2 protein chains.
Amino acid sequence: MSVALNNARFNSKLTSQCQNCSLSALCLPISLADDDVNRLDQIIERKKPLKKGDILFRQGDEFESVYAVRTGTLKTFNITNSGEEQITGFYCPSELLGLSGIDKNIYPVSAKALETTTVCEIPFSHLEQLSEQIPTLKHQLFKVMSRKICDDQQMMVLLGKKNADEKVASLLLNLSARFKKRGYSATSFRLAMSRGEIGNYLGLAVETVSRVITRFQKNGMIQVDGKEISIIDLDQMQKLIGMSEDCDKIESI
Amino acid sequence: MSVALNNARFNSKLTSQCQNCSLSALCLPISLADDDVNRLDQIIERKKPLKKGDILFRQGDEFESVYAVRTGTLKTFNITNSGEEQITGFYCPSELLGLSGIDKNIYPVSAKALETTTVCEIPFSHLEQLSEQIPTLKHQLFKVMSRKICDDQQMMVLLGKKNADEKVASLLLNLSARFKKRGYSATSFRLAMSRGEIGNYLGLAVETVSRVITRFQKNGMIQVDGKEISIIDLDQMQKLIGMSEDCDKIESI
DNA sequence: TTTAAAAATTGATATATGTCAGTCTTTTGG
DNA sequence: CCAAAAGACTGACATATATCAATTTTTAAA
């Protein structure tokens, strides 16, 4: 992207693709030296785009890589013994997925594209090796995993303590924050997932999700056109969930 | 402990405390060389016992250490904006807590002893440094964190999809498995946490927990005397939750 | 573009679990 | 050892959300 080149990095001698990737500010450890970025770049494989519905990895597959989302969205899920799908997360650009596979060398969930999606594949053994030579990278990895633990625990709070309204509002605000971080609008975005997937993720029936969204719209809190969402009254919404989503709260202290 | 000394390690030249700790098989990376164990040992501080109700660290405190439980039990929890406590985990001997603090350098939860408890404090900066010199240790750390992510996601499935019976049964079987791993009885143990704490953790009212436990007892599935629990019909209980708790299932493939 | 299939919405009803209240039991501190 | 407080249990009732069913809208395929 010429835009990407016309920034502060324009004068860099780097030739790496990571360097030129519009996501690098988010996905690269901030303080990696130029040379380190090049080394990281060399272990990354850019895979061809996934179409909607394509599987990136399957529950039970041997764990080899973690993936950074470049464009699009994925969901991770397990198939429970009773055969139902349980969604455990949604992944947007710049986010890393697959970390849960490290423990047993097997992915404990499947990952599926919700729309056309591109990812960078990062073979974990290489990443781990490289992290031996680059302490900052190692620390970043610890941080990313720690944040995931923190986020998942917030999700536990949501599932255990919140009512349907709070659950849906939390998801919308969470997505909003993630879009914002990537430089997109915090108040107007497109949901890549269906109402059914939202319900599955939040522990609600589809019908309940639908009703909550309708109610929010009648309240004038949001405006909805299919998958397009505009948050009209961000304040009210934040109040609704008691905003200070704990992990987030701490961030702002 | 003389018992500990009378095992295969008796002939070791190691003098470290970790080496002699009855938990070492669980808490030490299995394949650390003797010398590495000694180095690990040197960074660990053994703290004086916590009494029931004592706080190990507080939500918002600066993150400095992770802790390995030696004896006793702790819970981690956050105080939500509305002032309620939400328990995010219980920690038994050999388990590591505090990892969620790495990300923001602040503990996002508090940790409190449920009974008299001893822990080893492991300053994280030292551990991280040491992990640079001992790749196996680094890998173990990644694994521990990955497992935590995996476990938390299972918890999300539990909270989102399971009914009260399944939730309580899942917790009992989960505790059972953890006791078993440490060499204790898998079918007879003492709950360190109150019914209220169980309910809080599982997203249920105390009364519901009480009723479920009573029902299980009437079914002859368990026998209860206050906090003492005996699982009578493990099979039935495993069937109840559809056993193959996913992460566990994969382990057994 | 037309048609079939999938997803979303809405209403009526059922139900699991929460809430409230009272009692009994266990734990704890003096 | 006793008294007070905390925890646990049980029943009656309330309610949020699930389930079922029917309709409308959107998406995907031919």
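The model shown is predicted, which means the values in this text are computed figures rather than measured ones. As a basis for the values below, the full set of heavy atoms in this structure was taken, side chains included, without hydrogen atoms, waters or symmetry mates. Sequence lines set the chain letters: A, B, ... in the order given, protein chains first and strands last, and positions in each chain run from 1.
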Checklist entry - For DNA chain D, whose closest nucleotide is more 5', that of B:E207 or that of A:V209? => result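 The answer here is B:E207.
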### Query
Can you tell which of C:dT17, D:dA18, D:dC9 lies closest to the side chain of B:S210?
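Side chain of B:S210 sits closest to D:dC9.
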Selection from C:dG18, D:dC9, C:dA8 that lies nearest to any side-chain heavy atom of A:K227
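Nearest nucleotide to the side chain: C:dA8.
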Send over the distance from [X] [atom1] to [N] [atom2], rounded to a whole Å.
X	N	atom1	atom2	answer
B:N200	D:dA8	CG	C1'	16 Å
A:R215	D:dT17	CZ	C1'	11 Å
B:L191	D:dA8	CG	C1'	13 Å
B:K51	C:dT28	NZ	P	13 Å
A:K162	D:dT17	NZ	P	14 Å
A:L204	D:dA18	CG	C1'	10 Å
A:N163	D:dT17	CG	C1'	10 Å
A:E228	D:dT26	CD	P	13 Å

Just wondering, do B:N200 and A:K161 contact through their side chains at under 4.5 Å, heavy atoms?
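Yes, at least one pair of side-chain atoms sits under 4.5 Å.
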Describe the nucleic acid contact of [X] in one word from base, sugar-phosphate, nothing, applying a heavy-atom distance below 4.0 Å.
X	answer
B:G199	nothing
B:G53	nothing
A:G196	sugar-phosphate

- Would you say the side-chain atoms of A:S170 and A:K162 include a donor-acceptor pair closer than 3.5 Å?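 Short answer, yes.
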Notebook entry, point to check: When you check the side-chain N and O atoms of B:N174 and B:R178, is any donor under 3.5 Å from an acceptor?
Noted result: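 The answer is yes; a qualifying pair exists.
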Would you say [X] places a side-chain N or O within less than 4.0 Å of OP1 or OP2 belonging to [N]?
X	N	answer
B:K52	C:dT27	no
A:T214	C:dT10	yes
B:T208	C:dG18	yes

hbond_proxy A:R211 side chain to D:dT19 base (donor-acceptor, 3.5 Å cutoff):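 Such a pair exists between side chain and base.
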Check ion pair A:E197-A:K112 (N to O, under 4.0 angstrom):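 Looking at A:E197 and A:K112, the cut-off is not met.
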Checklist entry - Just one of B:V109, B:T76, B:D152 clears the side-chain contact (heavy atoms from CB on, under 4.5 Å) bar with B:S100, so which one? => result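 Passing option: B:V109.
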